[in-house]
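Quick note: numbers below take in every heavy atom, side chains included, and nothing from hydrogens, waters or symmetry partners. What you see is a predicted model; the values in this text were computed from it and never measured.
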Amino acid sequence: IEISKMINRIDQILANLECAAVDGGFSLSVKDGEIIAKDLLSEEPLEFIVRFTGEDISDVAVKPLTKK
């Protein structure tokens, strides 16, 4: 992939993440190698691990993961 196309794609992905986070009232971070979603609208702290599943764009899904 050409560098300028890769940078444009990175910008697109970041813009989509930012819009989703602002519209949905959440933030994403990484802790111990896992994606953590944090609810920014709840009065009580709500954080959970998020996992993206699927092999390609046709079956991608986002699932909460609970530790046992």
Can you name the side chain to side chain donor-acceptor pair (under 3.5 Å) partners of Ser4, sequence neighbours left out?
Glu2

Please list, chain by chain and in numerical order, all residues satisfying side chain to side chain contact (heavy atoms under 4.5 Å, CB included) with Lys63, sequence neighbours excluded.
Thr53, Ala61

Could you work out, with side chain to side chain donor-acceptor pair (under 3.5 Å) as the rule, every residue matching Ser58, not counting sequence neighbours?
Asp56

Under 3.5 Å, side-chain donor or acceptor atoms of residues 40-52 against the rest of the protein: list the pairs with distances, not counting sequence neighbours.
residue : atom : partner : partner atom : Å
Ser42   : OG   : Glu44   : N            : 3.3
Ser42   : OG   : Glu44   : O            : 2.7
Arg51   : NH2  : Glu34   : OE2          : 3.3

Is there a continuous path of hydrophobic side-chain contacts, each under 4.5 Å between heavy atoms, that joins Leu65 to Val62?
no

Show me, pair by pair, the donor-acceptor contacts under 3.5 angstrom made by side chains of residues 10-27, not counting sequence neighbours?
residue : atom : partner : partner atom : Å
Gln12   : OE1  : Arg9    : NH1          : 3.0
Asn16   : ND2  : Gln12   : O            : 2.8

